[in-house]
Amino acid sequence: MKTIKIKNKEAVKFKKGYPLLQKSSIKDFDSGLKEGDLLHIIDENHTFIGKGYYGLQNKGIGWIITSNSDLTIDQKFFSNLLSNALGLRKSLFQDTDTNTFRVFNGEGDGFGGLTIDKFADYYLLNWYSEGAYQFRNYVLEAIKQLFRYDGVYEKKRFGRQGQYIEDEEFVMGERGSFPIIVKENGIQFAIYLNEGAMVGLFLDQREVRQAIRNSYSSGKRVLNTFSYTGAFSVFSVLGGASHTTSVDLANRSYAKTIENFSLNGVDYEAHDIIVEDVFNYFKYANRKKRLYDLVVLDPPSFARSKKNTFRAEKDYPALLQEAISITEREGVIIASTNCAKFNMKKFKSFVETAFNQSPRSYKIVEEYSLPNDFKTISAFKEGNYLKVLFLKLDS
Ligand code: SAH
């Protein structure tokens, strides 16, 4: 156990439960720390703050995992954490329409740097630092004790700048035969745990997809931008959309969207699936005077294409302006972002900015953040990164 000292002016924040350790908060930082080192964290007056571990991440250098000085970070600790996490998701485990969701959400469930997702009978671990990865045996043992599974896979997300490291991904149990077919609110999706960082479905948007199907798609012409595997399009069609257009730059999106439509008995030929830069598509749609009743905007936080670099924290208003220009009277824009660099308040100000440049006006009719299985803690606001606004335009 290594002792680290938090600067007095930062100590209050950590005492209130802020879990992510920053190098700048530490007094006399010891450059000899090794990934996975357990930390005894105190303030400059030697008052105990918590126990944690060292693990270099995209943001931060490790996590505080408990403020209880008597707790030992051992097998029992991890078994308890995972057991509690399962307990909190009991209703999802019993839901016969959904067999894919998050089972363990990092700091929200008591251990930053690790998430676990369920995809039918398979589990996927995401490790966000080499330090977190040092606790792997404890986590695997807890899974063996507590989970019913066919197989377990993992992704190491601790390459340079938090990039995904390509490596053996199978961990234990049986190897999957891919795609695994999962169900979310009765709708099926193809999941590939062996093809890189993204597996086919973003589980944090479950409630948004459900709202689209239940209340926003019947009879509508839908444009799904940054459509990836078409999840929003599939829910739209099953909610009664008259037509969907899915636009994504990546070649893979074409076959994967067809696959998801087909799994759900939808004739994909009745829909448009377009492999193109969204920004070009907006120009094209404007030229052709195409209008949509529902436009879904769910871009990555950062993306570089041949012509454009998109940074959500800077470019979201401009993206939204493009969407406004092709949205029908009384249409709806679903503006979503997973960018942790700004909060909901700021996101709403982006919406204001975009509409200030336009004669159209709008009302926010729904607002979403992460669903309960993506458990967050109030002391760590940036952990609740998802922000989704349903904007109803005027007539
Ligand atoms: N909205 C999707 C997830 C989007 S993931 C869903 O809910 O399933 C981000 C996607 O944006 C990726 O598939 C990526 O290929 C695509 N993308 C990034 N830049 C793009 C651009 N300029 N034009 C079109 N697609 C883009």
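Counting starts at 1 for both ligands and their atoms, in listed order. Only heavy atoms go into these numbers, but all of them, side chains included; no hydrogens, no water, no symmetry mates.
Of the options F232, F226, Y281, F202, the smallest heavy-atom separation from atom 2 (C) of ligand 1 is shown by F226.
Residue-level proximity to ligand 1 for R252 is carried by the side chain, the only part with a heavy atom below 4.0 angstrom.
In this structure, Y284 has its ring center closer than 6.0 angstrom to the ring center of Y281. Ring centers of Y268 and F261: at least 6.0 Å apart, outside the cut-off. Annotation: Y153 is not in aromatic contact with Y123 [ring centroid separation under 6.0 Å not met]. Aromatic pair Y53/F111: ring centres closer than 6.0 Å. Checked against a 6.0 Å centroid threshold, the rings of Y316 and F342 do not count as neighbours.
Within the structure, ligand 1 lacks N308 among the residues with a heavy atom less than 4.0 angstrom away. Residue D248 places a heavy atom less than 4.0 Å from ligand 1. Using 4.0 Å as the threshold, R304 has no heavy atom nearer than that to any atom of ligand 1. Not close to ligand 1: S253, with no non-hydrogen atom less than 4.0 angstrom away.
Applying the 4.0 Å criterion to heavy atoms of A303 picks out, from ligand 1, the atoms 18 (C), 19 (N). Residue contact check: D298 has heavy atoms under 4.0 Å from atoms 1 (N), 2 (C), 3 (C), 4 (C), 6 (C), 7 (O) of ligand 1. Short contacts between ligand 1 and A250, defined as distances under 4.0 Å to a heavy atom of the residue, involve ligand atoms 15 (O).
Annotation: atom 8 (O) of ligand 1 to nearest protein heavy atom, Y228 CD2, 3.7 Å. Of the protein's non-hydrogen atoms, D277 OD1, 3.2 Å is the one closest to atom 22 (N) of ligand 1.
Counting only residues at least two apart or in different chains, salt bridge (Lys or Arg N to Asp or Glu O under 4.0 Å) contacts with residues 184-194 comprise E184-R209.
A distance-only check finds no donor-acceptor pair linking the side chain of Y254 to the backbone of V275 [under 3.5 Å].
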